[in-house]
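We count residues from 1, following the sequence as given.
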Amino acid sequence: MKLKNYITTSLAVLVSFCALAQNDMIKKADNLFNNFAFVQATNAYQDLVDDGINTDYAIRQIADSYAYMRNPDSAVVYYKKAVKQNHVPIEYYYNYSQALRGVKDYETSREWMKQFKESGGDIKEEKYLKDSDFLNSIFNSKKQYFLKDVKFNSKYSDFGAYEHDGKIYFASSRDKGDLKKHTNSWDEEPFLNVYAIDKDDNDSIINGKSKLKGKVNSVYHDGPITITKDGKTMYFSRTDFIKNVLGRNGEGISNLKIYKASLINGKWKNIKELPFNSNHFSNGHPALSPDGSKLYFASDRSGGIGGSDIYYVEINNGDYSKPKNLGPIINTNKNERFPFVNSEGALFFSSDGHPGLGLLDVFGTVSDENNTILSVINLGTPVNSSKDDFSFFMNEDGLSGYFASNRKGGVGKDDIYAYDRIPQLNLNGTVYDNINSAPIDDATVTLINNKDDIVGTYKTNNKGQYAITIDRDSEYLIKVNKDDFIDSENSVSSKNIDRNVKTITTDFSLNPIPKQLDETEKTIALSPIYYDYNSSKIRNEDIQVLNNILNSMLNTHPNMTIKIESYSDSRGSTDYNRKLSLKRANSAYNYLISNGVNPARIIDSKGYGEENLINNCDVTSNCTEAEHQLNRRTQFVIVKMK
């Protein structure tokens, strides 16, 4: 009995000891995960899997760790195992779908996005129902961006390239030139520092000598940066660290904050923390508006729309307003980061919440004339890929810049890519009423390419204006129509236009459709005039006819508008007859204008050659000279009486 009790007690102690050991292993792994030590956390959770301890949970944590490390290739392996588990949280359907996009398996990604939605997940159906169309439009669209080699990437993380006054500033975790350097537990890379190199420097070896001079760089994360136009003030991201004190929140986590520095004798000094920072959330990725009056940044503060949102503060004489969220057109329930505003005031940012190719994609914005943001546009390939694409920057010329990506084929973990941009052309114009030069609103403008395909249909605004984005080196036909007006069309070429030219203009004047005259107006007749053979000279016998028209337009009907149509007989070539009839139209037009008629009241004056013969005197007929003369005429058509 004693032996049995001893064995039972020993087994109980052993089981208890094993349970404690297992709990310690889980606690260790969770502590590493919760402290963002994801490299070590994956190893600790893998030990749990290998030992058969809480395997389902450990697999999910490994998948999440790889996702946090922006490694979809590894994350997708473990998410695939996770979604097969019984009673797995439905968020893992979404996470698996996103990881699949990161490895370009878009079809399977859509299937799991649909599964997430059908299981009660909060997502718009169009995100997966229209995803195929979105991808086709992205991959088939004409490219605007063309990548160039960057020589200063390292085997570590390099991003945030920013050009100012002949220098390129960027953040890098390269560990060159330091005797001792911390590494961060997130991915076990060195902490970031800010570097500055000459734009024209062709040296591919960038070491500690290129670190930013002054007090911006610390022993923790520093960068990326933005600089005021006068070059005297820099705003930058940094881990909560100032005056050699590392700040932490209540959970022991050090968040990002935004600081500013002043350029003093060639060095960045006088580091100051901005007043809207907090220990309880992160602010980072600062970007200035072109006039320096607004500072944009990313923040995960409470009260936002998603995990990380884009905000801005107004700057006035060194004071900062309360941060304002840019709202749901920009921010989603996921993450928006790395804002940038170009010289024309257009906002760019990275997001994993808007429809994209994979993880973070770069987006631009479309604004109205009041700079109100209307929509966002995915920049497409080659700027975006299935991996993270971020820290977009554009030079003032709008034709070159940089972004960063962790796509395959790079040198390090994150690499800087330079681009040249050949922007699409803006085709602008105004549609006018040819009678009174008033703008015509709500006119339909149709753009047709050289294959007779309709590229798009647009409406003029209340000022009669339209704006269309067109491809370069192309030929188009533009058709304009509006109820109660005669249709108009014109050819437009965008070939051989310098890429610095961003806008071309084509205006249209529409003629009103002649209205049906009432019974009173029908009694008003404008007689035609006739011409001698092969002549456009006004005959003496027709002077009185023109004078009668003058009297009618100037005195009897001062609001009447007309159009002039001139013709020839059938003798002579078609081309010659058209030119002769145009001369006849011009002679009648000039007579009326020179005698006081406002040109705006003659809405059209054309020569039609031998068209519209009023008898059968064509080239096959044997007509008398008097019969031919009936076709050598100018007609005056009433368009409008009042």
Side-chain angles (χ1 to χ4, degrees), residues 30-41 64-65 67-70 157 159-160 171-173 181-194 215-226 234-261 271-287 295-313 320-326 331-339 349-353 360 388 390-391 414:
D30 286 345
N31 283 338
L32 291 169
F33 183 90
N34 293 331
N35 283 284
F36 310 118
F38 296 118
V39 174
Q40 297 178 59
D64 288 341
S65 295
Y68 278 119
M69 288 190 287
R70 317 305 290 179
S157 286
F159 65 94
S172 177
S173 63
K181 179 75 174 177
H182 285 99
T183 58
N184 76 87
S185 57
W186 187 293
D187 54 9
E188 295 191 341
E189 281 207 346
F191 283 97
L192 296 166
N193 276 161
V194 179
K215 300 294 184 180
V216 168
N217 287 324
S218 68
V219 293
Y220 295 100
H221 283 312
D222 307 291
I225 64 103
T226 186
M234 173 184 290
Y235 294 92
F236 63 98
S237 302
R238 178 196 276 183
T239 304
D240 184 359
F241 183 76
I242 191 168
K243 297 180 180 179
N244 293 320
V245 176
L246 179 65
R248 299 180 185 273
N249 64 14
E251 298 175 351
I253 303 300
S254 298
N255 285 304
L256 279 180
K257 290 185 175 182
I258 298 175
Y259 299 83
K260 73 174 182 177
I271 310 299
K272 294 182 179 179
E273 180 181 337
L274 298 193
F276 50 87
N277 288 319
S278 171
N279 289 348
H280 301 292
F281 53 79
S282 284
N283 293 327
H285 315 156
L295 183 70
Y296 294 80
F297 60 96
S299 179
D300 61 359
R301 64 183 58 220
S302 62
I305 296 173
S308 176
D309 286 1
I310 307 292
Y311 293 79
Y312 73 91
V313 293
Y320 303 88
S321 70
K322 182 180 178 180
K324 299 176 183 178
N325 190 297
L326 280 184
N331 295 314
T332 68
N333 62 351
K334 300 304 176 184
N335 299 288
E336 281 67 47
R337 299 167 178 164
F338 296 97
F349 63 98
S350 288
S351 171
D352 59 7
L360 286 173
D388 283 322
F390 58 101
S391 70
D414 297 309

Sequence neighbours excluded, which residues qualify as side-chain hydrogen bond (donor to acceptor under 3.5 Å, both in side chains) partners of S237? none

Does the side chain of S254 reach to within under 4.5 Å of the side chain of F241, using non-hydrogen atoms? no

Does the plane of the ring in F38 sit parallel, tilted or perpendicular to the ring in F33? Use 30° and 60° as the thresholds. perpendicular

With heavy-atom distances below 4.5 Å as the criterion, would you say the side chains of L326 and D309 are in contact? no

Nearest 0.5 Å please: distance from the NZ atom of K334 over to the CD1 atom of I305. 14.0 Å

Would you please name every residue forming a side-chain hydrogen bond (donor to acceptor under 3.5 Å, both in side chains) with D414, sequence neighbours left out? S157

Heavy-atom pair of closest approach, residues N249 and N279: CB-O, 3.1 Å

Approximate separation, where rounding is to 0.5 Å, of R238 CZ and I225 CD1: 13.5 Å

For the pair N335 (side chain) and S308 (backbone), establish whether a donor and an acceptor sit closer than 3.5 Å, ignoring hydrogens and angles. yes

Do L360 and R70 come close enough that some side-chain heavy atom pair is under 4.5 Å? yes

Between H221 and F191, how do the two ring planes meet: parallel, tilted or perpendicular, split at 30° and 60°? perpendicular

When you compare the side chain of L274 with that of K260, does any pair of heavy atoms fall below 4.5 Å? yes

Chi angles and distances behind the side-chain contact (heavy atoms from CB on, under 4.5 Å) call for S302, F281: CA-CA 8 Å; S302 62; F281 53 79; 5.8 Å; no

D300 (side chain) donor-acceptor with S282 (main chain) under 3.5 angstrom: yes

Between CG on residue D352 and CZ on residue F390, distance to nearest 0.5 Å: 12.5 Å

Between H285 and F338, how do the two ring planes meet: parallel, tilted or perpendicular, split at 30° and 60°? parallel

In short, A261 meets I271 closest at the heavy-atom pair CB-CD1, 3.5 Å

Lys/Arg cation over aromatic Y311: R301, 6.0 Å, 45° cone: yes

Would you call the rings of Y312 and Y296 parallel, tilted or perpendicular, taking 30° and 60° as the class edges? tilted

Scan side-chain atoms only and decide if N193 and D222 contain a donor-acceptor pair under the 3.5 Å cut-off. yes

Gap between atom OG of S173 and atom CZ of F159 - 0.5 Å precision: 8.0 Å

Closest approach of G160 and S391, non-hydrogen atoms and distance? N-OG, 3.2 Å

Mind checking the CD-CG spacing from Q40 to N31? Nearest 0.5 Å is all I need. 11.5 Å

For V313 and P323, work out which heavy atoms get closest and say how close. CG1-CA, 3.6 Å

Carefully, step by step, assess N283 and N277 under the rule side chain to side chain donor-acceptor pair (under 3.5 Å). CA-CA 7 Å; N283 293 327; N277 288 319; 3.0 Å; yes

Check for a donor-acceptor pair, side chain of T226 on one end and backbone N or O of A287 on the other, with a separation under 3.5 Å. no

Interatomic spacing from CD1 in I253 to CG in D240 - rounded to 0.5 Å: 12.0 Å

Compare every heavy atom of S351 with every heavy atom of T332, then report the nearest pair and how far apart it is. OG1-OG, 4.4 Å

Closest non-hydrogen contact found for T239 with L246 is CG2-CD1, 3.9 Å

Measuring only between side-chain heavy atoms, which start at C-beta, is L256 closer than 4.5 Å to F297? no

